[in-house]
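Only one structure is covered here, and it is reproduced in the block below.
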Amino acid sequence: MSGPYVIRGSVSLPEAELMWRFSRSSGPGGQHVNTSDSQVELRFDVAATDSLPPVWKERALQRLEGRLVDGVIAVRASEHRSQWRNRETALVRLASLLAEATAPPPRPRRKTRIPRGINERRLREKKQRGETKRGRSGRDW
C-alpha cells in the first residue's frame, strides 16, 4: 500500500482496524481469474473505532446508518485484474466515504430578496421575447 489513508486533517485510517477479505472476481482476467482471489472486500468497524473523534464518529454512524451492518461498513472492489490495485481502490473508496460522512454540516442558507430591478428586467425581456414570437406568425400577410 502507499501509506496511511488520510480521511481529513490529521485523522487517518489505522491499518490495524481494517479487515480484508479476498475472493474470486468475475470480469476481466481470462483463465487467470479462475485461480486468483482478486476481488477485495474491506470492512471497517465505525462503531468500535477509537481513531475517529467522537463528533465525527457520531456523524458517520448517523449518515451511514443505511450502509452499516452492526456498526461495520463494507466496501468492495473488483474492477482491476490485480488484487493490489483492487486493495488500493477499496481503500480510496472507504477513505472518501468516511470523509464525506464525517464532514461538518453545510452552513444554513441565508434568505435574500431578489432586487426589484432584476425582476423587472426579467419580465421586460420575457415580454420582448413574446412580442418577437408573435411577430413571426403569418396572420398579417
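All residue numbers refer to positions in the sequence shown, counting from 1.
Here the side chains of Arg121 and Ile118 are in contact, with some heavy-atom distance below 4.5 Å. Proximity of Glu88 to Ser82: side-chain heavy atoms (C-beta onward) are nowhere separated by under 4.5 Å. Residues Leu64 and Leu98 meet the side-chain proximity criterion, which asks for heavy atoms closer than 4.5 Å. In this structure the side chain of Pro104 reaches within 4.5 angstrom of the side chain of Arg59, judged on heavy atoms. Counting heavy atoms from C-beta on, the side chains of Lys133 and Arg136 come closer than 4.5 Å.
Put simply, CG on Leu42 and CG on Leu97 are 10.5 Å apart, with the number rounded to the nearest 0.5 Å. Residue Leu61 holds its CG atom at 10.0 Å from CD1 of Ile73, rounded to the nearest 0.5 Å.
For Arg134, the side chain to side chain contact (heavy atoms under 4.5 Å, CB included) test picks out Glu131, Arg139, with sequence neighbours left out. When the salt bridge (charged side-chain N to carboxylate O under 4.0 Å, His left out) test is applied to Arg93, the partners found at least two apart in sequence or on another chain are Glu79. Under the side-chain hydrogen bond (donor to acceptor under 3.5 Å, both in side chains) criterion, Arg122 pairs with Asn119, not counting sequence neighbours. With sequence neighbours excluded, the residues satisfying salt bridge (charged side-chain N to carboxylate O under 4.0 Å, His left out) with Arg76 are Glu41. Under the side chain to side chain contact (heavy atoms under 4.5 Å, CB included) criterion, Arg116 pairs with Glu120, sequence neighbours left out.
The two residues Ala74 and Arg43 make their nearest non-hydrogen contact at CB-CG, 4.1 Å. Looking at every heavy atom in both residues, Ile7 comes nearest to Ala95 through CG2-O, 4.3 Å. Residues Val72 and Met19 come closest through the heavy atom pair CG1-CE, 4.4 Å. Nearest heavy atoms, Leu91 versus Leu18: CD2-CD1, 3.6 Å. Minimum interatomic distance between Pro53 and Val11 (heavy atoms only, all atoms of both residues): CD-CG2, 4.1 Å.
The 12-atom threshold is not exceeded at CD1 of Ile114, counting heavy atoms of other residues, nucleotides or ligands nearer than 6.0 Å.
For residues 46-56, every residue pair satisfying the side-chain hydrogen bond (donor to acceptor under 3.5 Å, both in side chains) rule, not counting sequence neighbours, is listed here: Glu17-Thr49, Thr49-Ser51.
The backbone N or O of Val40 lies less than 3.5 Å from no partner atom in the side chain of Asn86, so there is not a single donor-acceptor pair.
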